[in-house]
Structures are given as C-alpha cells and as structure tokens.
Asks: 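A single structure is presented below for examination.
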Amino acid sequence: MDWLQTVIIAIVEGLTEFLPVSSTGHMIITQNLLGLDAESLSESDKAFVHAFTFIIQFGAILSVVCLYWKRFFRLDNSPAPAGSSTFGKLKHRYNFYWLLLVGVLPAIIIGLAAKKSGLLDWLLDSVEVVAIMLVVGGVFMLFCDKLFNKGKEENKVNEKRAFNIGLFQCISVIPGVSRSMATIVGGMTQGLTRKRAAEFSFFLAVPTMAGATFLDLLDLMKEESSWATSHNIAMLILGCVVAFIVALLAMKWFVAFLTKYGFKAFGVYRIIVGGIIILMLLTGHSLVMVD
C-alpha cells in the first residue's frame, strides 16, 4: 500500500463507518478498485491489508469517544434502588459500561466463531457478497422506517434491549450488511427512537471494534515479521488519523440527517452501488482500475 491508497481507503472508512451503507463493504470495493484485491497480494501483504481494514475502523470509532466524551466518562452517582446488593450498586453506578458489555457479548461469541472457522476471511475477500448484501439491505431500508419507526422518547436502553441490539450487530459479520444499519434497526425494533438507537450504535461500536482490532493485531504479530516495516506502520498510523478526522465530521451530520429523514436515501444509494457492481461482475468487467 502506498500513501495515496492509504488516504483514499481511510477517507472511505471515515465517511461510511457510521452511515448504514457498510464501511467494510466499501473498503473491500475500494481496495479492489485500487488493485489491492487479495489475489494479487502475497500472504504477508494479504494479512496486512485485512488487518488494516479493521484497524483503521477503530481509528474512526475513537471519534465517538471524542464527540461523546461526557457520556463515556460519566458515572451514575444517583442513589441505587433500595435493597440493591453490592453487585447491584456497582451495576447502577457503572450502568453505561455494563450495558455496553451486555451488548457486545453476542459479537464476541459470533465474531470469534466466524474468525476461527475462516468464514470471516472468506467473506472479506468476496466482492460478490458485498454487492448482493448492499442491494438486499438497500431494499430493506426503503421500508424499515415504516416498519420500525415506533420508538418512544421515554424508552431507554436497558439490559434486554442492549443484548438484543447486540444480536442484531452479529448480522454485520457479513460485509455489505452494515454494522450501523443492523444495530440502529435493532434498536428501533426495541422501541428506541432513531436518534437514541443511532447513539447506542455508536457507543457499542467502541468495544466491538476495539476487540476486533486487538485480535487482528495479535494475528499480525503471529505472521512472519516481514509485514512490520516502518512503511506499513506509518500507513496504519496515517489511516487511523485520517479515518478519525473524517468520521468525526460525518457522524455529527449523520445523526441530524437520520433523525429528520430516516433510511430511505441510504437504501436508494445502496441499491444503485450494489446494482452497478453486480452488473459489472455479470458482464465480465473487472473492478480493478489501478495496477
């Protein structure tokens, strides 16, 4: 990967991480357009590109901590319910972190299983899967506002809702589904407003992507050390910084847009992009534009 490829992929990640259009799917497409498809890479380079995809996502996710830092570093100092046990009092005080833990548990189990089986690596190599899921998800999004937009402002995230949203998040192991879409829709099915569902989706992304990044770093360290060049490390740092800055700007816009207009525009976009890719693949055209 060179500097230009790194910046382009990081910008795509920052723009799409919080939009319900699949950041992973867009990065896979972008990598193919830039000539970074897996078939053209050595095993060491392939491992680095896969890890790069996840690690710069974590860079984008850190923008959530920056934008919502008061929520992330505030404890609940109100009195715990009468008769609460010691654990109950701790849970009350650290309720924000407890809900994130409950929400991320399904992803830990499903994600580890998919990674261990090799399914995750296969999915990350498949442009066909991305294109199909972009279209399928896009069609769904044309109707999901009417189906699930029954959220009430008084409904807040509790343990049951957090766990159920975490189950929805597991669907996003398939590239092209969109973690953001899965968790926001999951929150809406639990009676949350679009804004509250979107914010919890952002919060849940932090431990989820932190875990994914940690696992990918471990995998990279297990590979031959040839990937750990000063150039590749510089690319990782650059990618994270660019993704962080772009995501910070995109996230603020997205919450306002989603609250006011819903998912329909994103659904149309997904159908168009996925449809174009499917048409190109069916007519024998390569996505690779740069050798």
Side-chain angles (χ1 to χ4, degrees), residues 17-18 20 23-24 54-117 120 151 154-174 177-219 240 244 247 251 255:
E17 178 60 46
F18 300 108
S23 60
T24 302
F54 280 103
I55 292 171
I56 67 168
Q57 283 181 315
F58 182 64
I61 293 302
L62 286 178
S63 64
V64 179
V65 180
C66 179
L67 188 62
Y68 291 96
W69 66 272
K70 288 185 178 179
R71 299 276 288 275
F72 267 90
F73 301 105
R74 185 180 66 185
L75 302 180
D76 189 343
N77 293 314
S78 63
S84 296
S85 63
T86 302
F87 177 71
K89 291 177 181 178
L90 284 173
K91 205 167 63 168
H92 175 79
R93 182 170 172 76
Y94 297 95
N95 185 58
F96 177 79
Y97 306 105
W98 172 251
L99 292 176
L100 290 184
L101 176 61
V102 171
V104 82
L105 281 177
I108 293 175
I109 298 169
I110 301 298
L112 287 175
K115 192 171 183 65
K116 188 174 181 180
S117 68
L120 189 56
E154 60 267 24
N155 290 341
K156 298 182 179 181
V157 180
N158 54 27
E159 292 176 2
K160 181 180 178 180
R161 289 182 175 127
F163 185 79
N164 287 336
I165 293 170
L167 291 176
F168 273 86
Q169 180 172 241
C170 294
I171 304 172
S172 65
V173 73
I174 306 172
V177 168
S178 170
R179 192 204 65 82
S180 176
M181 181 188 78
T183 49
I184 295 174
V185 171
M188 290 168 64
T189 66
Q190 302 302 302
L192 301 181
T193 62
R194 280 195 298 242
K195 181 179 180 181
R196 182 159 283 164
E199 288 181 342
F200 188 72
S201 171
F202 299 162
F203 301 152
L204 189 57
V206 176
T208 302
M209 297 313 302
T213 301
F214 177 72
L215 290 177
D216 274 282
L217 284 173
L218 285 181
D219 285 345
C240 286
F244 172 85
M251 182 168 44
V255 173

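Heads up: numbering here begins at 1 and tracks the sequence. What you see is a predicted model, and the numbers here were worked out from it, not measured in a lab.
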Asks: Distance check, rounded to the nearest 0.5 Å: His92 atom NE2 versus Ser78 atom OG?
Replies: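 The OG atom of Ser78 is 3.0 Å from NE2 of His92, to the nearest 0.5 Å.
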
Asks: Search all heavy atoms of Gln169 against all heavy atoms of Gly103 and return the closest pair with its distance.
Replies: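 Heavy-atom minimum between the residues: NE2-O, 4.3 Å.
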
Asks: To the nearest 0.5 Å, what is the distance between CG on Leu75 and CG on Asn95?
Replies: 11.0 Å

Asks: Describe, in one word, how the ring planes of Phe203 and Phe72 are oriented to each other, choosing from parallel (under 30°), tilted (30 to 60°) and perpendicular (over 60°).
Replies: perpendicular

Asks: Might you work through the side-chain contact (heavy atoms from CB on, under 4.5 Å) test for Leu192 and Ile165, ending with a clear yes or no?
Replies: CA-CA 11 Å; Leu192 301 181; Ile165 293 170; 4.0 Å; yes

Asks: Please test Arg93 against Trp98 for side-chain contact (heavy atoms from CB on, under 4.5 Å), starting from the C-alpha separation and ending with a verdict.
Replies: CA-CA 9 Å; Arg93 182 170 172 76; Trp98 172 251; over 6 Å; no

Asks: Is the closest side-chain heavy-atom distance between Phe163 and Pro106 below 4.5 Å?
Replies: yes

Asks: Answer with yes or no whether the side chains of Ser180 and Glu17 bring together a donor and an acceptor at under 3.5 Å.
Replies: no

Asks: Where does the angle between the aromatic ring planes of Tyr97 and Tyr94 fall among parallel (under 30°), tilted (30 to 60°) and perpendicular (over 60°)?
Replies: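 Correct class here is tilted.
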
Asks: I want to check something: taking the side chain as every heavy atom from C-beta on, are Leu62 and Phe244 in contact at a cut-off of under 4.5 Å?
Replies: yes

Asks: Minimum heavy-atom separation for Arg179 to Ser201, with atom names?
Replies: NH2-O, 3.0 Å

Asks: Mind checking the OG1-CZ spacing from Thr189 to Phe168? Nearest 0.5 Å is all I need.
Replies: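 Answer rounded to 0.5 Å: 4.0 Å.
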
Asks: Check whether any side-chain heavy atom of Ile184 sits under 4.5 Å from a side-chain heavy atom of Pro20, and report yes or no.
Replies: no

Asks: If I take atom CD1 from residue Ile171 and atom CD1 from residue Ile110, how far apart are they, to the nearest 0.5 angstrom?
Replies: 10.5 Å

Asks: Between Arg196 and Thr193, is the side-chain contact (heavy atoms from CB on, under 4.5 Å) condition met? List the steps.
Replies: CA-CA 5 Å; Arg196 182 159 283 164; Thr193 62; 3.3 Å; yes

Asks: Show your working on side-chain contact (heavy atoms from CB on, under 4.5 Å) between Val64 and Phe202 and close with a plain yes or no.
Replies: CA-CA 6 Å; Val64 179; Phe202 299 162; 3.8 Å; yes

Asks: Please round to the nearest 0.5 Å and tell me the distance separating atom SG of Cys170 and atom CD1 of Ile109.
Replies: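 Between Cys170 SG and Ile109 CD1, I get 8.0 Å after rounding to 0.5 Å.
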
Asks: Nearest 0.5 Å, please: how far is CE in Met209 from CZ in Phe214?
Replies: 14.5 Å

Asks: So that I can tick it off, tell me whether Arg194 and Glu199 are bridged by a salt bridge, with the cut-off set at under 4.0 angstrom between side-chain N and carboxylate O.
Replies: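 Arg194 and Glu199: not salt-bridged.
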
Asks: Do Phe200 and Leu100 have side chains that approach each other closer than 4.5 Å (heavy atoms only, starting at C-beta)?
Replies: yes

Asks: What heavy-atom pair brings Ala162 and Leu99 nearest, and what distance separates the two atoms?
Replies: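 In this case the closest contact between Ala162 and Leu99 is CB-O, 3.6 Å.
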
Asks: So, for Val206 and Ile61, which heavy atoms are closest and what is the spacing to 0.1 Å?
Replies: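 Looks like CA-CG2, 3.3 Å.
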
